[in-house]
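Have a look at the structure below before the remarks.
Proteins come first, then strands; the chains are lettered A, B, ... in the order of their sequence lines, and each starts at number 1.
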Amino acid sequence: MIKAVTGTKDILPDEIPAWKLVEKTIERIFHNFNYKEIRTPVFEETSLFARGIGEETDIVGKEMYSFTDRSENNITLKPEMTASVVRAFIEHSLGKQQSLNKLYYVSPMFRQERPQAGRLRQFHQFGAEALGSTSVYLDVEMIQMAFEILKELGLKDLNVKINSLGTPESRNAYKEKLRKFLIDKKNKLSEDSRKRFDKNILRIFDSKDENDKKIMKDAPLLLDHLDSESKESFEIVKETLKLSGIPFEVDPYLVRGLDYYTKTTFEIISGKVGSQNALCGGGRYDLLAEHLEGEPTPGVGFAAGIERILLACENEKSLKSPEENIDLFITRLDDELSQKVFEIALNFRRKNLSVDCDYLDRSLKAQMREANKLKAKYVLFIGGDEYKSGMANLKNMESGEQKLVQIDKLDEVLLSQK
RNA sequence: GUGAGCGUAGCUCAGCUGGUUAGAGCACCAGGUUGUGGCCCUGGGGGUCGUGGGUUCAAAUCCCAUCGCUCACCCCA
């Protein structure tokens, strides 16, 4: 049997209502904040991600779905959206038509990792990017939108973490300080952390090794070494978040894995989804546009994982997606009437009623069971003596009431009761 | 890339100190009312016990390999 490729999943009809509800919520909240949707291709030239996300990151280093196509182009299925959005922004000179662009997206993403709870090889993210302003209020707006969407979906067990990475200059100066602090302790660190020492020294703060933790307790903190501008904007972020009524905690160890972040970074964690618990993450990236050879353009954004959110909703039992039902099920008492039933069905379908009927030549009883299963509001019985006089029984499935109606007057009867 | 656990019906699982035709619940189909659902009752269909090999008189059950899934590490949504 051919099965879906490892790490990919079918979304079956039963699960669609939950997805639709999430998608509707996303669209509503982004509209409230006046963000416009953007759609970009699922694949891009590999170099876009290599340069945009950073050669040293795990995403680029070992997780990309890359291949060469028949014309020898290096292609990669998008592992995240920010680089693509910024590429489109530059390519179409969106910044020249409008000084601030507030964009959002919902799209599948691809990363070749070992699947586990809350991690797939094809997964879905939604997110937003605001390009063209350094205003910290946009930083806060990202958190507000993400938080609002999660709250609307009924999630409660949430933890908002924020941090500031400062400007690249202050961060590099700080990294140097940290390197000096660690250099003589390096051989006492765990193997993983020793690797991080060269690759991404800030990541050593994430180590779960007890001894590493002990060493890092006395390490200098990035937050204490911010440039004055980053420090000030971080203060405003915190104050504004407070005013927004969004509970948060400052996590000086929150280091996002993508190279392009500057200043504000944040993450929203769920306590209900296992070990891949980041529902959403984001931050400011003021230098990305020029990295990609565009006009220098400040930006902020975030991305959230739909599968993880759905997992959290399931575990918190927070999602009440509406029941699916149909307006009318038409049964047939005599087999010869199939065509008539089909004709009546089309008539109502054209009038925007949701209508179904039997296609399996089943007994009336079976048809009724089907109607019940589909939660039909009404059942129409076509056939018998009453049909000969142009009549049919119409049954209200909830009350059980049934009345004889004239078939050619069904329109007004049904449409008025809808 | 590393580690652990698990693969029996469409789904959830029982059976596993090896021993007659492999079970249950749910779902599905039919009947109980030859023109009427939800509850109930009766019956039915559906399984190479993931795959391959080995041990044995005998394997779903023990051993090995392989594939797949799951969870965790790394990292991230």
Which base, if any, makes a Watson-Crick or G-U wobble pair with B:rC29, both distances under 3.5 Å? B:rG43
Go through B:rC73, B:rA77, B:rG32 for me and flag the one nearest to the A:Lys365 side chain. B:rG32
If I pick the P atom on B:rG25 and the same atom on B:rG37, what distance separates them, to the nearest angstrom? 24 Å
Can you check whether A:Phe123 stacks with the B:rA77 base, using ring centres under 5.5 Å and planes within 30°? yes
Can you check whether A:Gln116 has a side-chain N or O nearer than 4.0 Å to OP1 or OP2 of B:rU70? no
Would you say the side chain of A:Gln367 and the base of B:rU36 hold a donor-acceptor pair, judged only by whether the two atoms sit under 3.5 Å apart? no
Same-atom distance (P) from B:rU61 to B:rC16, integer angstrom: 13 Å
How far does the C1' atom of B:rU33 sit from the matching atom of B:rC26, given to the nearest Å? 26 Å
What is the pairing partner of B:rG38, taking Watson-Crick or G-U wobble pairs with both distances under 3.5 Å in any strand? none
Pairing check on B:rU12: which nucleotide meets the Watson-Crick or G-U wobble criteria with it, both distances under 3.5 Å? B:rA24
With a 3.5 angstrom cut-off on both distances, give the Watson-Crick or G-U wobble partner of B:rG7, or none if there isn't one. B:rC67
Can you check the distance between B:rG50 and B:rG68, where both ends of the measurement are the P atom (answer in whole Å)? 16 Å
Once hydrogens and angles are ignored, does a donor-acceptor distance under 3.5 Å link the base of B:rC75 to the side chain of A:Arg111? no
For A:Leu189, is there any backbone N or O sitting under 3.5 Å from a side-chain donor or acceptor partner on A:Arg194? yes
Run the salt-bridge test on A:Lys9 and A:Glu307 with the 4.0 Å N-O cut-off and return the result as yes or no. no
Complementary nucleotide for B:rG18 - Watson-Crick or wobble, under 3.5 Å: none
In Watson-Crick or G-U wobble terms, with both distances under 3.5 Å, the base opposite B:rA59 is none
Between A:Ser275 and A:Ser363, name the one whose nearest nucleotide on RNA chain B is closer to the 5' end. A:Ser363
All heavy atoms of A:Tyr285 vs all of A:Gly301, minimum pair found to be CE2-N, 3.5 Å
Side-chain heavy atoms of A:Leu182 within contact of A:Ile215, under 4.5 Å: yes
Taking the cut-offs as 6.0 angstrom to the six-membered ring centre and 45 degrees off its axis, would you call A:Lys185 and A:Phe181 a cation-pi pair? yes
Looking at A:Leu414, A:Leu353, A:Asp411, A:Val355, which hits side-chain contact (heavy atoms from CB on, under 4.5 Å) with A:Asn347? A:Asp411
What is the pairing partner of B:rA72, taking Watson-Crick or G-U wobble pairs with both distances under 3.5 Å in any strand? B:rU2
Does the B:rG1 base have a donor-acceptor partner in the side chain of A:Glu63 within less than 3.5 Å? no
Taking the same atom, C1', in B:rU12 and in B:rA27, what whole-Å distance lies between them? 11 Å
Whole-Å P distance, B:rU48 and B:rU8: 13 Å
Of A:Asn393 and A:Leu120, the one whose closest RNA chain B nucleotide lies more 5': A:Asn393
Taking any heavy-atom pair under 4.0 Å as a contact, classify A:Asp385: base, sugar-phosphate, or nothing. base
B:rG37 base / A:Lys375 side chain donor-acceptor hit below 3.5 Å: no
Verify the contact: side-chain N or O of A:Thr57 to OP1 or OP2 of B:rC75, cut-off strictly under 4.0 Å; return yes or no. no
Can you check the distance between B:rC63 and B:rC29, where both ends of the measurement are the P atom (answer in whole Å)? 42 Å
Below 4.0 Å: OP1/OP2 of B:rC67 and any side-chain N or O of A:Lys3: no
